[in-house]
Protein chains: 2
Amino acid sequence: MTTRWLTPDEQRAWRAYIAASHLLEDAIDRQLQQEAGMPHLYYSILAHLSEAPERRLRMTDLAERTKITRSRLTYAVTRLEKDGAVRREGCPSDRRGSIAVLTDAGTALLERTAPGHVETVRATLFDHLTPEQVRQLEEMFTGVARGLQGGSPGSVPPEELPWRRRSSGPCA
Amino acid sequence: MTTRWLTPDEQRAWRAYIAASHLLEDAIDRQLQQEAGMPHLYYSILAHLSEAPERRLRMTDLAERTKITRSRLTYAVTRLEKDGAVRREGCPSDRRGSIAVLTDAGTALLERTAPGHVETVRATLFDHLTPEQVRQLEEMFTGVARGLQGGSPGSVPPEELPWRRRSSGPCA
DNA sequence: TAGGTTTGTTTCAAACTTGAACCAAGGCCA
DNA sequence: TGGCCTTGGTTCAAGTTTGAAACAAACCTA
């Protein structure tokens with residue numbers, strides 16, 4: 001089949017998306033670097049931990065939720081551990097595993113910096129969207145994410161699809 | 001003022017957006033790394049050059065269009081130059097300036113790899129969107145980008161807004 | 001239960017990004 | 001003209017990301 005090129009509408013949408021998402025990530029990274037001393041990704045790691053039961057998650061679980069690779073997470077957690085925001089514990093039920101735990105200092109940092117972060121997200125993104133667009137945004141990107149995770153990254157044949165990691169739970 | 005926290009709708013939209021945009025960038029980076037031997041950003045640089053008159057642009061101009069910092073661009077162009085996809089030329093009218101020029105090899109690489117790239121963008125993004133959503137996407141992100149570029153990065157006061165770089169033109 | 005495979009995580013080197021500092025060259029103006 | 005501020009680009013060190021390889025524990029299965 002010959003290439004299905006993008007239509008002019010799609011072209012424009014793609015460009016706008018790429019431009020805005022770069023600018024947005026940069027703005028948020030800068031703000032968090034200033035206020036929290038860490039890039040957005042690291043902040044997200046803390047945020048995800050803070051919502052988990054007992055503020056702890058298996059590394060792989062955390063990697064999945066934050067949508068990053070394991071090695072990237074290892075590096076990040078090591079840094080956050082140095083900062084004192086996270087602590088690592090071994091997993092008693094599976095001695096291969098290690099668990100990242102949000103410390104009290106990490107919790108405090110999150111509470112201190114969350115308002116500024118939210119304000120930035122608002123100012124950069126949501127202040128430009130109507131409530132209807134917010135709903136659209138969620139719908140679109142939920143679909144896109146579903147298409148991408150746990151399978152068919154691009155054009156991988158469906159044979160490889162039925163792969164799904166078992167949810168490892170709080171490991172306890 | 002107390003923090004304007006995100007509404008549940010906004011929360012969900014934000015999470016979906018973050019997750020999908022990470023997955024999307026990863027997928028596209030992987031595909032281009034495979035097929036073109038370079039990450040998406042580098043490919044974009046070539047793409048932008050290919051559309052410029054005479055396939056050449058001032059560094060700063062190129063940085064603006066690709067939405068990246070100058071130092072990042074310097075690094076990228078140096079690499080692309082080593083690959084032979086880009087050549088640097090001095091700017092005759094302003095001896096501070098340097099111009100990135102897309103070489104024939106760069107053009108060939110672009111032509112060879114564009115179909116695969118477009119196919120990936122389609123499979124990962126546009127195949128999940130209705131034509132109406134495509135229009136919405138463009139509208140939303142155009143607004144967001146406008147809000148972010150050339151001013152008010154987050155919560156910078158309007159005093160700093162009226163900054164606008166003069167479009168330097170093809171320089172020649 | 002030994003051997004082979006899978007799974008969870010880390011490690012390592014190479015590539016990339018960041019932000020501040022630097023170096024020209026251009027512009028402005030007394 | 002001589003300073004002085006601005007602009008266009010690069011450089012440098014420190015930090016981050018990548019992908020492949022290494023490990024170790026868990027899980028088969030014969």
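Chain identifiers are assigned alphabetically (A, B, ...) following the order of the sequence lines, protein sequences preceding nucleic acid strands; residue numbering begins at 1 within each chain. This one's a predicted model, so the numbers in the text were calculated from it and none came from an experiment.
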Which pairs, with at least one residue in residues 32-48 of chain A and sequence neighbours excluded, count as a side-chain hydrogen bond (donor to acceptor under 3.5 Å, both in side chains)?
-> A:Glu25-A:His40
Could you list by number each residue of residues 74-85 of chain B showing a heavy-atom separation from DNA chain D of less than 4.0 Å, or answer none if no residue does?
->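 Correct list: B:Thr74.
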Gap separating the CZ atom of B:Arg70 from the CE atom of B:Met59, nearest 0.5 angstrom =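 One gets 10.0 Å once the value is rounded to the nearest 0.5 Å.
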Rounding to 0.5 Å, atoms CG (B:Leu125) and CD (B:Gln133) come to a distance of 10.0 Å
So, does the side chain of A:Arg96 form a donor-acceptor pair with the base of C:dT9 at under 3.5 Å?
->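 Result: no qualifying N/O pair found.
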A:Arg122 bridged to A:Glu119 by N-O distance under 4.0 Å | no
May I ask you to say whether B:Asp26 pairs ionically with A:Lys67, meaning some side-chain N is under 4.0 Å from a carboxylate O?
-> no
Nearest to the side chain of [X] - [options]?
| X | options | answer |
| --- | --- | --- |
| A:Ser71 | C:dT9, D:dA25, D:dG19 | D:dG19 |
| B:Leu41 | C:dT17, C:dT18, C:dG26 | C:dT17 |
| A:Tyr42 | D:dT17, D:dT18, C:dG8 | D:dT17 |

What is the separation between atom [atom1] on [X] and atom [atom2] on [N], rounded to the nearest whole Å?
| X | N | atom1 | atom2 | answer |
| --- | --- | --- | --- | --- |
| B:Met38 | D:dT17 | CE | C1' | 18 Å |
| A:Gln31 | C:dT18 | CD | P | 16 Å |
| B:Met59 | D:dT7 | CE | P | 19 Å |
| B:Asp26 | D:dT18 | CG | P | 6 Å |
| B:Asp29 | D:dT17 | CG | P | 13 Å |
| A:Leu32 | C:dT18 | CG | P | 15 Å |
| B:Glu25 | D:dT18 | CD | P | 10 Å |
| A:Asp61 | C:dT9 | CG | C1' | 14 Å |

Would you say a side-chain N or O of [X] is under 4.0 Å from OP1 or OP2 of [N]?
| X | N | answer |
| --- | --- | --- |
| A:Arg72 | D:dT18 | yes |
| B:Arg70 | C:dT18 | no |
| B:Arg88 | D:dT10 | yes |

Taking B:Leu24 as the fixed residue, which of B:Val121, B:Thr120, B:Asp29, B:Thr124 is the one that meets the side-chain contact (heavy atoms from CB on, under 4.5 Å) rule?
->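 Among B:Val121, B:Thr120, B:Asp29, B:Thr124, the one meeting side-chain contact (heavy atoms from CB on, under 4.5 Å) with B:Leu24 is B:Thr124.
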Applying salt bridge (Lys or Arg N to Asp or Glu O under 4.0 Å) to A:Arg12 and not counting sequence neighbours gives A:Asp9, B:Glu138
So which one's nearest nucleotide on DNA chain C is more toward 5', A:Ser98 or B:Pro39?
->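 Comparing both residues, the 5'-ward one is A:Ser98.
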